[in-house]
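Keep in mind that this is a model prediction, so the values were computed, not measured. Heavy atoms only: backbone and side chains are in, while hydrogens, waters and symmetry mates are out. As the structure lists them, so they are numbered: ligands from 1, and atoms in each ligand from 1.
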Amino acid sequence: MPHHSEQALRESESRYRKLFQNMTSGFAYCKMIFNEESQPVDFIYVEVNSAFERSTGLKDVVGKKVSELIPGLNESNPELLEIYGRVALTGKPETFETEVSALGLHFSVSAYSLKDGYFGAVFDDITARKRAEAAVEQYKQRLEKLVDERTEALRNSNRFLDSVIENIPNMIFVKDAKDLRFARFNKAGEELLGFSRSELIGKNDYDFFPKTEADFFTSKDRAVLAGGQILDIPEEQIRTRLKGERILHTKKIPILGKSNEPEYLLGISEDITDKLQLEENRRQLVQAQLAQEEAQKGIVVRDEFLSIASHELKTPLTSLYMQLQLVARFFKDPQKVDREKAGFLLGKSLKACEQLNLMLNELLDMTRIRAGKLVLNRRETDFRVALTETVLQISEEIAKSGSSVEVIAEEPVMGQWDPNRILQVVSNLLSNALKYGEGKPIVVSLKRDSAANSVRLQVKDHGIGIAPDVQKIIFERFERGVSVDKISGLGLGLYIVRMIVEAHSGRVWVESDAEVGGALFTVELPLSGNH
Ligand code: ADP
């Protein structure tokens, strides 16, 4: 039997050897060295396998102390002595991982002990795994740091945006796209509407505003969300709790979600009530100022006119008065009646009356026109007939002026005009030409412009002419270019001409060349009244 068991022992021993030498894990069998206080201080290699030599790179280790083989190990890895010492003393196996910096390697170690003071250690080189793990760990840490930084940056930028939104003087609100409930509100919004954030959030327009207003806001919101476009509402009314009706300038902006569907509606509103009021006040002020200036100017012009008019009216009246006084004196004493002289005086009186009548008519005309009562009596009218008639009517005046009047009107010109008013236009222009013409020749021409369907009347004289700055004002009421002391007049003739011409949808203007001298007045009238 012993023989048998010896045989078995040897076989088992050889199997064990084979395994020992061929296993991929490193193996070392060592003897622990203790000091007097039974502290483990070193160990000696008793046996190692080839995997041990391969993985540690150590050679001929058997019989040598670890402190000789790997100097500094006991100092850099004191836990090794501690653990191996404990295993060798207690016989309790332990498994652990350790990094041997002296070798630059990382091991997973299982230590056990079959004999007091000795221990065996099976170890695997896990350096590669550890490195990979470390790399993963490092990467993870970097990633975490990055995420932290990003989160912090995001938080900062959110904080920044929040404070901007919160402190901006305009109302800012956000509504959810689904049922337009308020999701966000800023301070300016609270102050404007008179409701606090907590009252507003989660509610919609119908909870705070009259139905018509809420309908308006909501319809705009829906339109913005459906169209996906920013909407600018220059003025919208809103009923606030503490500030009454206010007017807002609002922009509504759709905010899209990930799938490009509208997710929120952003609103920015500026309270422009005060601005509008200010503008309105300013406008009214400017208007009042203008009106006042206008009135002031009117007063000056009217005063001037009154003094001119009274002067102008007084001249013929004085002459009339004097003639009549003389006639009266004649008739007091029937013996002295000189029929010829009386006839002469009465003729002069008649002339003065005519002059007065003319001026009063002008005045009356002006007041009627001012009252908006220039009613045209349009009918088929021949302008040429009106022209020749006028020349006939004032033939005496022409003769007295010393100017020759040449009329160039080759054909009748028919149009829808008020014949009496046409007469007045020609008469006023021609009278002026005589008055300001210095006795030089006057040419009146009438031409039909078939292409333009209009007629053109021109009155050209060679008299005193009109300075450019005066040309601009002579068609205005009461405006005169010469002083009454030189040439009398009320300053109404051209104003009346312009009013009549404009009532006929026509134009009148003057040209006066300083070099040639004289003035050229042109009137242009459409032939029909439908212009
Ligand atoms: P009035 O002749 O009574 O002053 P008008 O309105 O007819 O009033 O004319 C306004 C002014 O235009 C005149 O005071 C005069 O200075 C100027 N004016 C009008 N016609 C002529 C003309 N043919 N030549 C020079 N100046 C003229």
TODO: Mark up the atoms of ligand 1 that fall under 4.0 Å of a heavy atom belonging to Phe521, in ascending order.
DONE: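 Listed by number with element, the hits are 20 (N), 21 (C), 22 (C), 23 (N).
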Task: Proximal ligand 1 atoms for Lys435, defined as those under 4.0 Å from one of its heavy atoms - done: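 Here the atoms of ligand 1 in question are 1 (P), 2 (O), 3 (O).
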Supply the atom-to-atom distance [X] [atom1] to [Y] [atom2], rounded to the nearest 0.5 angstrom.
X: Leu430; Y: Gln393; atom1: CG; atom2: CD; answer: 11.0 Å
X: Glu354; Y: Glu396; atom1: CD; atom2: CD; answer: 7.5 Å
X: Asp449; Y: Leu525; atom1: CG; atom2: CG; answer: 12.5 Å

Open item on the list: Taking distance alone, with N or O pairs closer than 3.5 Å, would you say Leu490 contacts ligand 1?
Closed with: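 There is such a contact, yes.
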- [ ] Measure the distances from the heavy atoms of Gly465 to every atom of ligand 1 and state whether one is below 4.0 angstrom.
- [x]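 Distance cut 4.0 Å: Gly465 passes for ligand 1.
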TODO: Output yes when Arg421 and Asp365 qualify as a salt bridge under the 4.0 Å nitrogen-oxygen rule, no when they do not.
DONE: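 Salt bridge between Arg421 and Asp365, a charged N being under 4.0 Å from a carboxylate O: yes.
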Task: Salt bridge present between Arg184 and Asp176 (N-O < 4.0 angstrom) - done: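 Salt bridge between Arg184 and Asp176, a charged N being under 4.0 Å from a carboxylate O: no.
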To the nearest 0.1 Å, how far is [atom] from its closest protein heavy atom, and which atom is that?
atom: atom 7 (O) of ligand 1; value: Asn432 ND2, 2.8 Å
atom: atom 21 (C) of ligand 1; value: Tyr436 CD1, 3.4 Å
atom: atom 23 (N) of ligand 1; value: Asp461 OD2, 2.8 Å
atom: atom 26 (N) of ligand 1; value: Ile466 CG1, 3.2 Å
atom: atom 10 (C) of ligand 1; value: Glu479 O, 3.5 Å
atom: atom 14 (O) of ligand 1; value: Gly481 N, 2.9 Å

TODO: Mind telling me whether Phe208 and Phe182 have parallel, tilted or perpendicular rings, with 30° and 60° as the class edges?
DONE: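 Aromatic pair Phe182/Phe208 classed tilted.
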Task: Minimum non-hydrogen distance to atom 8 (O) of ligand 1, winning option of Gly491, Ser512, Gly517 - done: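 Ranked by closest heavy atom to atom 8 (O) of ligand 1, first place is Gly491.
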Task: Closest to atom 11 (C) of ligand 1 among Asn428, Ile464, Val459, Ile474 (heavy-atom distance) - done: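 It is Ile474 that holds the nearest heavy atom.
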Is it the side chain (CB and beyond), the backbone, both or neither of [X] that lies under 4.0 Å from ligand 1, heavy atoms counted?
X: Val497; value: neither
X: Phe475; value: neither
X: Leu494; value: both

Task: Neighbour count >12 (heavy atoms, 6.0 Å) for atom CZ, Arg150 - done: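 No, not enclosed.
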- [ ] Could you tell me whether Arg507 sits above the aromatic face of Trp509, with NZ or CZ closer than 6.0 angstrom to the six-membered ring centre and within 45 degrees of the axis?
- [x]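 Output yes; distance and angle both within limits.
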